[in-house]
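Input: a single structure, listed below in structure tokens.
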Amino acid sequence: QVQLVESGGGLVQPGGSLRLSCAASGSDFSTYHMAWYRQVPGSQREWVATIFRGGATTYTGSVKGRFTISRDNAKNTMYLQMNSLKLEDTAVYYCKAQPSYWGQGTQVTVSS
């Protein structure tokens, strides 16, 4: 079992950047495939990006080239670097450890 805590959300203007962190505890972080999801009120939770335990990454099309997922196994932490943010990136962002461990979410608001 693993516990996850997200941080780094906030308010940013369009075109700005934020870096989200997901701190893990309670189990061997390096063995988990990790992912970021996001959710807008009234909509389904949407997959954003995955980083596999071997380091390979994959992204949903709308964030490809703007977001970068990474992990530091020595710090038991996953990151999401978000650049060139758009209004439509506004959501609560969640981290997930496969198969089904979730954090509590962190709010990202992109607004002018």
Side-chain angles (χ1 to χ4, degrees):
Q1 187 168 339
V2 61
Q3 292 79 44
L4 304 171
V5 179
E6 301 96 333
S7 62
L11 174 64
V12 63
Q13 292 187 338
S17 298
L18 281 175
R19 189 176 82 154
L20 306 183
S21 299
C22 172
S25 62
S27 188
D28 189 350
F29 174 74
S30 66
T31 65
Y32 288 93
H33 302 314
M34 300 293 297
W36 287 99
Y37 285 72
R38 64 187 180 187
Q39 188 170 23
V40 175
S43 299
Q44 286 193 330
R45 196 166 293 187
E46 173 193 26
W47 168 73
V48 175
T50 295
I51 184 163
F52 297 93
R53 56 179 175 240
T57 60
T58 183
Y59 300 89
T60 192
S62 63
V63 308
K64 199 172 294 184
R66 300 189 298 122
F67 291 11
T68 302
I69 189 171
S70 62
R71 65 192 298 164
D72 185 337
N73 290 335
K75 295 182 178 180
N76 289 347
T77 303
M78 175 180 66
Y79 304 98
L80 186 68
Q81 178 66 45
M82 305 187 295
N83 298 329
S84 302
L85 282 160
K86 303 177 180 180
L87 297 176
E88 54 265 38
D89 294 318
T90 295
V92 178
Y93 283 71
Y94 298 89
C95 65
K96 179 182 180 181
Q98 303 287 12
S100 59
Y101 301 106
W102 293 93
Q104 84 289 349
T106 186
Q107 176 71 48
V108 171
T109 302
V110 184
S111 175
S112 55

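Just so you know, these numbers use all the heavy atoms, side chains as well, and skip hydrogens, waters and symmetry mates. The first residue in the sequence is number 1, and the count goes up from there.
With sequence neighbours excluded, no residue forms a salt bridge (Lys or Arg N to Asp or Glu O under 4.0 Å) with Arg53. Contacts of Arg38 classified as salt bridge (Lys or Arg N to Asp or Glu O under 4.0 Å), with partners at least two apart in sequence or in another chain: Glu46, Asp89.
If you take NE2 on His33 and CD on Gln98, they are separated by 7.5 Å, rounding to the nearest 0.5 Å. Note that the CG atom of Asn83 and the CG atom of Leu18 stand 9.5 Å from one another [nearest 0.5 Å].
Annotation: cation-pi pair Arg71/Tyr79 absent, no NZ/CZ under 6.0 Å from the ring centroid and within 45° of its normal.
Residues Val92 and Met78 do not share a hydrophobic cluster, defined by chaining ILVMFWY side chains whose heavy atoms lie under 4.5 Å apart. Residues Ile69 and Leu85 are members of one and the same hydrophobic cluster, defined by side-chain heavy-atom contacts under 4.5 angstrom among Ile, Leu, Val, Met, Phe, Trp and Tyr. A continuous path of ILVMFWY side-chain contacts below 4.5 Å connects Met34 to Val108, so both sit in one hydrophobic cluster. A continuous path of hydrophobic side-chain contacts links Leu80 to Val12 [ILVMFWY only; heavy atoms under 4.5 Å]. Put simply, Ile51 and Trp36 are part of the same group of oily side chains (I, L, V, M, F, W, Y) that touch within less than 4.5 Å, one to the next.
Remark: Glu88 CD is packed, more than 12 non-hydrogen atoms of other residues, nucleotides or ligands lying under 6.0 Å away.
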From CA spacing to verdict: side-chain contact (heavy atoms from CB on, under 4.5 Å), Tyr37, Lys96: CA-CA 7 Å; Tyr37 285 72; Lys96 179 182 180 181; 3.7 Å; yes
Chi angles and distances behind the side-chain contact (heavy atoms from CB on, under 4.5 Å) call for Thr31, Phe29: CA-CA 5 Å; Thr31 65; Phe29 174 74; over 6 Å; no
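Checked by atom type, the side-chain pair Asp72/Thr77 shows no donor-acceptor distance below 3.5 Å.
The shortest heavy-atom contact between Ser84 and Ser17 is N-OG, 4.4 Å. Closest non-hydrogen pair, Ala97 versus Leu4, comes out as N-CD1, 3.6 Å.
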Check: residues 99-106 side-chain donor-acceptor pairs under 3.5 Å, at least two apart:
{"residue": "Gln104", "atom": "NE2", "partner": "Glu6", "partner atom": "O", "Å": "3.3"}
{"residue": "Thr106", "atom": "OG1", "partner": "Gly9", "partner atom": "N", "Å": "3.2"}

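Proximity of Ser111 to Thr90: side-chain heavy atoms (C-beta onward) are nowhere separated by under 4.5 Å. For the pair Leu20 and Met82, the minimum side-chain heavy-atom distance is below 4.5 Å. The shortest distance between side-chain heavy atoms of Thr57 and Phe52 does not fall below 4.5 Å.
Note on ring orientation: taking the six-membered ring where Trp is involved, the planes of Phe67 and Tyr93 are tilted (angle from 30° to 60°).
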